[in-house]
Amino acid sequence: EASTNILLSALTQNGRLNDAKSVFDRTRQRNVVTWTTLIAAFAQNGHLGEARQLFEAMPQRNIVSWTTILQGFVVLPDVDEAANVFFSMPGRDPVAYNAMIVSYADSGRVLEARALFDEMKQRDTVSWNTIVQAYAQNGHVDQAAFTFDRMPQWDVVSWTAMVTGHAQAGHALQSWEFFVFMKQRNVVSWNGIMNACALTGNILGSKQIFQKMPQWDEISWTSLLAGYAQNGKLLEAEELLVDFPSDD
RNA sequence: UAACACCAGUUAUGA
């Protein structure tokens, strides 16, 4: 039955929702993971109705199944339904809190996001990153920086959030400083600083970063292209298109 | 402090 769940997981990861559903329907031995895997698949594709039906039909739910349905409303987005689920849950762990904080942040309700954060018994690094990002994306980079300074520990996500947060506020220098001070960088950090340059009008910097970065993904290419386009560098954009990687 | 092949939930980058 673990093997069924592995199959289900593989199918949903490849977007084969229908196949996943039919496998689910044909299996007799379902456990909470079987159910939750399918619920997550529906929820991640915006099919909250189906997800909710399964959620209500499942014989027993645990905190992961609750958080899965919660997350479905977070990404929809439907902050009120998300809050509904969140406050109905039999128990809340940091993962559930973090998801709900994101929902408040995405709808501009920073104070409520902060209130939840303060109310948490245990905060993990994701919690801190989430509240830092909540401030940054709502135009309070100063608060984001203040909170960042008080975090017990940082990871690559924390640093990258500050790089992009400052860039969005137009603080090119601070953005760059955070990038330089980072101990570990991944492709997201590199994409972030490249976009930071473009955002603050330094498209030449974007190009240089693109050339220097150790690895690229689709977002790296799209970012540079967008940077050119938004700064009126149409010739450069066309040149870049020639070298664009294709996905087959 | 990580590796030894992934059964489900939360945070950072572009369009």
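Bear in mind that the values here come from a model prediction, so they are computed numbers and not experimental data. Order of the sequence lines sets the chain letters (A, B, ...), proteins ahead of strands, with each chain counted from 1.
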Closest nucleotide among [options] to the [X] side chain:
{"X": "A:A99", "options": "B:G9, B:U11, B:U10", "value": "B:U10"}
{"X": "A:E218", "options": "B:G14, B:G9, B:U11", "value": "B:G14"}
{"X": "A:T222", "options": "B:A15, B:C7, B:A12", "value": "B:A15"}
{"X": "A:V188", "options": "B:G14, B:A12, B:G9", "value": "B:A12"}
{"X": "A:Q71", "options": "B:C7, B:A12, B:G9", "value": "B:G9"}
{"X": "A:T130", "options": "B:U13, B:U11, B:G9", "value": "B:U11"}
{"X": "A:V157", "options": "B:G9, B:A12, B:A15", "value": "B:A12"}
{"X": "A:N5", "options": "B:U10, B:A15, B:C7", "value": "B:C7"}

Are A:F146 and A:Y135 an aromatic pair, judged by ring center distance below 6.0 Å?
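Here the rings of A:F146 and A:Y135 have centres that are no less than 6.0 Å from each other.
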Taking [M] as the reference, what is the distance to [N] when you measure between their [atom1] atoms (whole Å, please)?
{"N": "B:G14", "M": "B:U10", "atom1": "C1'", "answer": "22 Å"}
{"N": "B:G9", "M": "B:A5", "atom1": "C1'", "answer": "23 Å"}
{"N": "B:A3", "M": "B:C7", "atom1": "P", "answer": "14 Å"}

Just to be sure I understand the rule, does [X] reach a base, reach only the sugar-phosphate, or reach nothing, if contact means heavy atoms closer than 4.0 Å?
{"X": "A:D93", "answer": "base"}
{"X": "A:I131", "answer": "nothing"}
{"X": "A:T160", "answer": "base"}
{"X": "A:T68", "answer": "sugar-phosphate"}
{"X": "A:T67", "answer": "base"}
{"X": "A:D217", "answer": "nothing"}
{"X": "A:N31", "answer": "nothing"}
{"X": "A:T37", "answer": "sugar-phosphate"}
{"X": "A:V102", "answer": "sugar-phosphate"}
{"X": "A:Q230", "answer": "sugar-phosphate"}

Whole-Å distance between [N] [atom2] and [X] [atom1]?
{"X": "A:N186", "N": "B:G14", "atom1": "CG", "atom2": "P", "value": "14 Å"}
{"X": "A:R61", "N": "B:G9", "atom1": "CZ", "atom2": "P", "value": "19 Å"}
{"X": "A:R92", "N": "B:U10", "atom1": "CZ", "atom2": "P", "value": "18 Å"}
{"X": "A:L11", "N": "B:C6", "atom1": "CG", "atom2": "P", "value": "18 Å"}
{"X": "A:F24", "N": "B:C7", "atom1": "CZ", "atom2": "C1'", "value": "14 Å"}
{"X": "A:N129", "N": "B:U11", "atom1": "CG", "atom2": "P", "value": "11 Å"}
{"X": "A:M162", "N": "B:A12", "atom1": "CE", "atom2": "P", "value": "15 Å"}
{"X": "A:I39", "N": "B:U10", "atom1": "CD1", "atom2": "C1'", "value": "17 Å"}

Under 30°, 30 to 60°, or over 60°: which ring-plane class applies to A:H166 and A:H171, parallel, tilted or perpendicular?
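A:H166 and A:H171: tilted rings.
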Look at the rings of A:F179 and A:W190 and say which category their plane angle falls in: under 30° parallel, 30 to 60° tilted, over 60° perpendicular.
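The arrangement is perpendicular - the two ring planes meet at more than 60°.
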Looking only at N and O atoms, is any donor in the side chain of A:N62 or the base of B:A8 less than 3.5 Å from an acceptor on the other one?
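Present.
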Side chains of A:D93 and A:Q122: is there a donor and an acceptor less than 3.5 Å apart?
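The answer is no; no qualifying pair exists.
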Answer with yes or no whether the side chains of A:T34 and A:N31 bring together a donor and an acceptor at under 3.5 Å.
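Indeed, the side chains of A:N31 and A:T34 share at least one donor-acceptor pair under 3.5 Å.
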Please check this pair: side chain of A:T67 against backbone of A:I63, looking for a donor-acceptor N/O pair closer than 3.5 Å.
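Answer holds: yes.
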Under 4.0 angstrom between A:Q13 side-chain N/O and B:A8 OP1 or OP2:
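No, outside the criterion.
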Ion pair check, A:E81 and A:R52, cut-off under 4.0 Å:
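The answer is yes: the pair qualifies as a salt bridge.
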